[in-house]
Protein chains: 2
Amino acid sequence: MPTDQLSVTFAALADPTRRAILARVAEGEATVMQLAEPFHLKLPTVSKHLKVLRQAGLVTQGRQAQWRPCRLEAAPLKDVSDWLERYRERWEERIGQLDDYLQELKTREEKHDSEK
Amino acid sequence: MPTDQLSVTFAALADPTRRAILARVAEGEATVMQLAEPFHLKLPTVSKHLKVLRQAGLVTQGRQAQWRPCRLEAAPLKDVSDWLERYRERWEERIGQLDDYLQELKTREEKHDSEK
DNA sequence: TGGCTAATTAGCTAATCGGCAGAATAGCAG
DNA sequence: CTGCTATTCTGCCGATTAGCTAATTAGCCA
């Protein structure tokens with residue numbers, strides 16, 4: 001249970017239910033009940049997931065009467081993105097002494113890319 | 001513990017020791033002993049971390065005599081990056097004409113955040 | 001006030017995790 | 001074969017987690 005912010009964020013994202021909650025909240029504010037409905041989970045369970053997301057700074061909850069609508073807060077995702085950038089070239093396979101060769105390939109690939 | 005690939009990857013990244021191992025391995029192959037040395041961890045502990053990273057597909061280990069040098073495999077990081085892209089516009093906060101209004105909301109929310 | 005609804009907290013269980021020590025495995029060198 | 005080294009496997013421990021039920025808080029309405 002590391003306490004550094006990045007670890008807390010990654011841990012919060014390491015659960016498909018919580019990622020689905022994020023996806024739902026990204027489309028607009030939602031109450032806890034609305035979030036619980038698509039999953040067959042009880043309210044306290046969803047509430048606990050929200051607590052994890054809240055501690056990671058990924059959602060905030062407001063107050064409207066007895067509802068606590070949830071909103072997405074994407075700032076921690078930027079931290080994840082920044083951390084990832086460091087490894088981008090590793091999966092983009094455009095490294096090293098092969099640049100010239102790859103550059104040639106690249107111009108050829110650009111035709112393919114534009115298909116998409 | 002969810003078994004879907006993205007969750008496994010996020011879980012593997014949710015530990016500063018494992019992220020440090022990744023950073024080290026990104027600079028070149030390393031044996032388990034070399035990886036263990038900077039952290040004051042025993043070999044079996046590092047071996048266990050490596051197992052987690054291996055199951056996430058983030059490292060592979062080869063064979064050279066009695067050493068099992070570790071290499072970075074960045075492909076799962078691309079999956080993380082692709083997942084993140086969906087939210088990029090949310091943290092780039094330069095959307096539409098609402099910038100000033102959102103900025104004002106943000107300062108108001110910061111009070112709510114401090115409620116804990 | 002009392003009743004209703006939404007959400008959280010408290011407490012439980014089974015499973016998992018990060019650390020360790022000790023034993024087992026794999027590959028070299030005499 | 002006998003050691004020697006690097007690594008993994010097997011248990012163990014204390015802490016944490018996801019799920020549940022039951023109890024509690026918070027806000028509305030009559």
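So you know, we letter chains A, B, ... as the sequences are listed, proteins then strands, and number each from 1.
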Practice problem: Give the rounded distance in Å between these two atoms: CG of B:Asp15 and P of D:dT16. | Solution: 14 Å
Exercise. Let me know the distance between NZ of B:Lys42 and P of D:dT7, rounded to the nearest Å.
Key: 15 Å
Quiz prompt | Closest approach of A:Ala11 to A:Arg18 (non-hydrogen atoms, all atoms of both residues) | solution = O-NH2, 3.2 Å
Quiz prompt | B:Thr45 side-chain N/O to C:dG18 phosphate OP1/OP2 under 4.0 Å | solution = no
Quiz prompt | Single-linkage hydrophobic cluster B:Leu43~B:Val52, side-chain heavy atoms < 4.5 angstrom | solution = no
Quiz item: So which nucleotide from D:dC9, D:dA18, D:dA22 ends up closest to the side chain of A:Pro44?
Solution: D:dA22
Quiz item: Between B:Gln55 (CD) and C:dG18 (C1'), how many Å, whole number?
Solution: 15 Å
Exercise. For B:Ile21 and C:dG19, give me the distance from atom CD1 to atom C1', rounded to whole Å.
Key: 13 Å
Exercise. Considering only NZ, NE, NH1 and NH2 on the basic side and carboxylate oxygens on the acidic side, decide whether B:Arg90 and B:Glu92 come within less than 4.0 Å.
Key: no
Quiz item: Which sits closer to the 5' end of DNA chain D, A:Val52 or B:Val32, going by the nucleotide each is nearest to?
Solution: B:Val32
Quiz item: Atom NZ of B:Lys48 and atom P of D:dT8: how far apart are they, to the nearest Å?
Solution: 13 Å
Practice problem: Grab the two heavy atoms, one from B:Val25 and one from B:Leu72, that are nearest each other, plus how far apart they are. | Solution: CG1-N, 3.0 Å
Practice problem: Find the distance between CD (A:Gln55) and CD (A:Gln5) and round it off to the nearest 0.5 Å. | Solution: 10.0 Å
Practice problem: Round to a whole Å and report the spacing from CD of B:Gln61 to C1' of D:dT7. | Solution: 9 Å
Quiz item: Given atom CG of B:Leu53 and atom C1' of D:dT8, what is their separation to the nearest angstrom?
Solution: 15 Å
Quiz item: Any salt bridge between A:Lys78 and A:Asp82, counting N to O under 4.0 Å?
Solution: yes
Quiz item: The side chain of B:Leu41 lies closest to which of these nucleotides: C:dA7, C:dC20, D:dA18?
Solution: C:dC20
Quiz prompt | B:Glu73 CD to A:Tyr87 OH distance, which is reported to the nearest 0.5 Å | solution = 13.5 Å
Quiz prompt | Summary of protein contacts for nucleotides 24-30 of chain D, nucleotide by nucleotide, where a base hit scores B, a sugar-phosphate-only hit scores S (4.0 Å, heavy atoms) | solution = --SBS--
Quiz item: Any side-chain N or O of B:His49 less than 4.0 Å from the OP1 or OP2 oxygen of C:dC17?
Solution: no
Quiz item: Atom CZ of B:Arg54 to atom P of D:dT7: distance rounded to whole Å?
Solution: 12 Å
